Chemist: 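First, the structure itself, so that you have it in front of you.
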Amino acid sequence: MKITAMSFNLRVRRLLDFHRSWVFRRESAALAVAAQKPCLVGFQELTGRMLAELAPLLPEYGHVGSGRNKDGSGEHNAIFYHRKRLAPLEWGQIWLSEAPQVPGSIGWDARFPRICTWTRLKLLKEPAVSILMYNTHLDHIGRTAKRQGALLVWRTIRAHQESFGPTPVLLAGDFNAGPEHPVIRFLSGEEELEGERSPLANAFADPQHAGKTHHGFLGGKLGKPIDYLFGGFGLLPLHGDVIRSRYNGRYPSDHYPVSAVFRLQRFKPRTIQIP
């Protein structure tokens, strides 16, 4: 069975973007998703107001997630799921900080609160099969926050493998890091980070040559990605792509959406040792 997914930073609503402001981009953003017909989408920089305007444009999708601020406002890392293919069993959210269960907490040297939203979903065609999706947005300034945030996301994935049992995993996000960064190499299973190793695999077969994903509304390909999709624990990436199309004559964001196809494998249960 194949699972299609997207990661899509929508750029937060800013009035000073003028003709590139969200009000002019929201239909293009919905068209970008509809064109790919993904089972799952992880959005970043989606405020509550943006969410309220985007959701009616994607009626085939439900969503989970909350804002990153203490009161639930602010940017969401919302996860959209196709209602005819998947149904959420539960969802949660952690703050990428020394106090991950404290809403609004800011970690290490981060500039803003950063979160990881997750959900466990069942496949409607195979209700006995579930998958776990995680959607995050690492800090763009704090070096320690980026490393520790990635480790906290991985430790959450690892803990869920213990609590839910072996479950296929999909990780989406804007990681604010190129493919050579230790955080991306760690999440791709290429090197250890602070003595830990991730078994996930990058959906880009050759991340160094995937091209840039943040383009500042200027388009183009030259550069490196900072937006990624990863799979593991029985969810094998087949291929990943950067979607550089315009919709209604405009780019839907200052980031290109990333799309990937995964194969759901049957695998033997195993125990994940937690140090």
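Just so you know, these numbers come straight off a predicted model, no measurement behind them. Every heavy atom of this structure was used, including side-chain atoms; hydrogens, water molecules and symmetry mates were not.
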Chemist: Tell me whether Thr167 contacts the main-chain N or O of Ile131 through its side chain, where contact means a donor paired with an acceptor under 3.5 Å.
Modeler: no
Chemist: Does a side-chain N-to-carboxylate-O contact under 4.0 Å join Glu162 and Arg158?
Modeler: no
Chemist: For atom NZ of Lys122, is the number of surrounding heavy atoms from other residues, nucleotides or ligands below 6.0 Å larger than 12?
Modeler: no
Chemist: Would a distance-only check, ignoring hydrogens and angles, find a side-chain to backbone donor-acceptor pair under 3.5 Å from Asp109 to Thr144?
Modeler: yes
Chemist: Check whether more than 12 heavy atoms from other residues, nucleotides or ligands sit under 6.0 Å from atom CG of Leu218, and answer yes or no.
Modeler: yes
Chemist: Run the side-chain contact (heavy atoms from CB on, under 4.5 Å) test on Trp91 and Leu121 for me, step by step, so that the C-alpha distance in whole Å, both residues' side-chain angles and the decisive distance to 0.1 Å come before the verdict.
Modeler: CA-CA 9 Å; Trp91 73 274; Leu121 310 104; over 6 Å; no
Chemist: Determine whether Trp118 and His160 make a side-chain contact, defined as any pair of heavy atoms from C-beta on separated by less than 4.5 Å.
Modeler: yes
Chemist: Would the distance check show the side chain of Lys224 and the main-chain N or O of Gln208 forming a donor-acceptor pair, the cut-off being under 3.5 Å?
Modeler: no
Chemist: Answer yes or no: are there more than 12 heavy-atom neighbours, outside Glu53 itself, under 6.0 Å from its atom CD?
Modeler: yes
Chemist: Is it true that atom CZ of Arg49 has more than 12 heavy atoms of other residues, nucleotides or ligands lying nearer than 6.0 Å?
Modeler: no
Chemist: Would you find a donor on one side and an acceptor on the other, under 3.5 Å apart, between the side chain of Ser28 and the backbone of Tyr247?
Modeler: yes
Chemist: Taking Asp241 for the side chain and Ile243 for the main chain, is one N or O donor matched with an acceptor at less than 3.5 Å?
Modeler: no
Chemist: Check this for me: does any side-chain nitrogen of one of Arg11 and Asp17 sit under 4.0 Å from a carboxylate oxygen of the other?
Modeler: yes
Chemist: Would you say the side chains of Ser7 and Gln44 form a donor-acceptor pair under 3.5 Å?
Modeler: yes
Chemist: Could you check whether Arg197 pairs with Glu191 (Lys NZ or Arg NE/NH1/NH2 to Asp/Glu carboxylate O, under 4.0 Å)?
Modeler: no
Chemist: Could you walk me through whether Glu126 and Met1 pass the side-chain contact (heavy atoms from CB on, under 4.5 Å) test, one step at a time?
Modeler: CA-CA 10 Å; Glu126 295 189 52; Met1 177 180 292; 3.1 Å; yes
Chemist: Do Pro38 and Tyr61 have side-chain heavy atoms sitting under 4.5 Å apart?
Modeler: yes
Chemist: Cut-off 3.5 Å, side chains only: do Glu98 and Gln148 have a donor facing an acceptor?
Modeler: no
Chemist: With the side chain counted from C-beta on, respond yes when Leu40 and Ile79 share a heavy-atom pair under 4.5 Å apart, and no when they do not.
Modeler: yes
Chemist: Counting distance only, does the side-chain N/O of Trp154 pair as donor-acceptor with the main-chain N or O of Ser198 below 3.5 Å?
Modeler: no
Chemist: Quick one: pull up SG in Cys39 and NE2 in His82 and give me the separation to the nearest 0.5 Å.
Modeler: 7.5 Å
Chemist: Are any non-hydrogen side-chain atoms of Pro252 and Leu10 less than 4.5 angstrom apart?
Modeler: no
Chemist: Looking at Arg250 and Phe24, would you say the former's side chain and the latter's main chain have a donor-acceptor pair under 3.5 Å?
Modeler: yes
Chemist: Are side-chain heavy atoms of Leu54 and Phe43 found at a separation under 4.5 Å?
Modeler: yes
Chemist: Is the centre of the Tyr251 ring less than 6.0 Å from the centre of the His215 ring?
Modeler: yes
Chemist: Does this structure show an ion pair linking Arg155 with Glu196, if we count only N-O contacts that are shorter than 4.0 Å?
Modeler: yes
Chemist: Any donor-acceptor pair under 3.5 Å linking the side chain of Ser73 with the backbone of Asn69?
Modeler: no
Chemist: So, the side chain of Thr47 versus the backbone of Glu75: is there a donor-acceptor pair under 3.5 Å, distance only?
Modeler: no
Chemist: Consider only side-chain N and O atoms of Arg25 and His19, and report whether a donor and an acceptor are under 3.5 Å apart.
Modeler: no
Chemist: Please determine whether residues Leu264 and Met133 belong to a single hydrophobic cluster, defined as Ile, Leu, Val, Met, Phe, Trp and Tyr linked transitively by side-chain heavy-atom distances below 4.5 Å.
Modeler: yes
Chemist: Heavy-atom distance under 4.5 Å between the side chains of Val64 and Phe80, does that happen here?
Modeler: no
Chemist: To the closest 0.5 Å, what do you measure between CD1 (Ile3) and CG (Leu236)?
Modeler: 12.5 Å
Chemist: Is there a path of hydrophobic side-chain contacts, each under 4.5 Å between heavy atoms of I, L, V, M, F, W or Y residues, that connects Phe164 with Leu235?
Modeler: yes
Chemist: With side-chain contact (heavy atoms from CB on, under 4.5 Å) as the criterion, how do Phe230 and Leu170 come out once you've worked through the C-alpha distance, each side chain's angles and the decisive distance to 0.1 Å?
Modeler: CA-CA 6 Å; Phe230 301 90; Leu170 172 61; over 6 Å; no
Chemist: Quick one: are Lys2 and Leu238 in side-chain contact, heavy atoms under 4.5 Å?
Modeler: yes
Chemist: Check the pair Thr117 / Gln93 against side-chain hydrogen bond (donor to acceptor under 3.5 Å, both in side chains), numbers first and verdict last.
Modeler: CA-CA 4 Å; Thr117 302; Gln93 191 159 282; 2.6 Å; yes
Chemist: Using the side-chain contact (heavy atoms from CB on, under 4.5 Å) rule, take His63 and Leu51 through it: C-alpha gap first, then chi angles, then the decisive distance, then the call.
Modeler: CA-CA 9 Å; His63 56 85; Leu51 176 61; 3.8 Å; yes
Chemist: Tell me yes or no: between the side chains of His137 and Asp174, is some donor less than 3.5 Å from an acceptor?
Modeler: yes
Chemist: For the salt bridge (charged side-chain N to carboxylate O under 4.0 Å, His left out) test, which of Lys146, Arg114, Arg111, Arg147 pairs with Asp139?
Modeler: Arg114
Chemist: Under 3.5 Å, is there a donor-acceptor pair between the Thr213 and Asp227 side chains?
Modeler: yes
Chemist: Are the side chain of His214 and the backbone N or O of Lys212 linked by a donor-acceptor pair below 3.5 Å?
Modeler: no
Chemist: Out of curiosity, does Leu86 fall in the hydrophobic cluster containing Val33 (side-chain heavy atoms, cut-off under 4.5 Å, transitive links)?
Modeler: no
Chemist: Please determine whether residues Met6 and Tyr134 belong to a single hydrophobic cluster, defined as Ile, Leu, Val, Met, Phe, Trp and Tyr linked transitively by side-chain heavy-atom distances below 4.5 Å.
Modeler: no
Chemist: Side chains of Thr119 and Leu132: does their closest heavy-atom pair fall under 4.5 Å?
Modeler: no
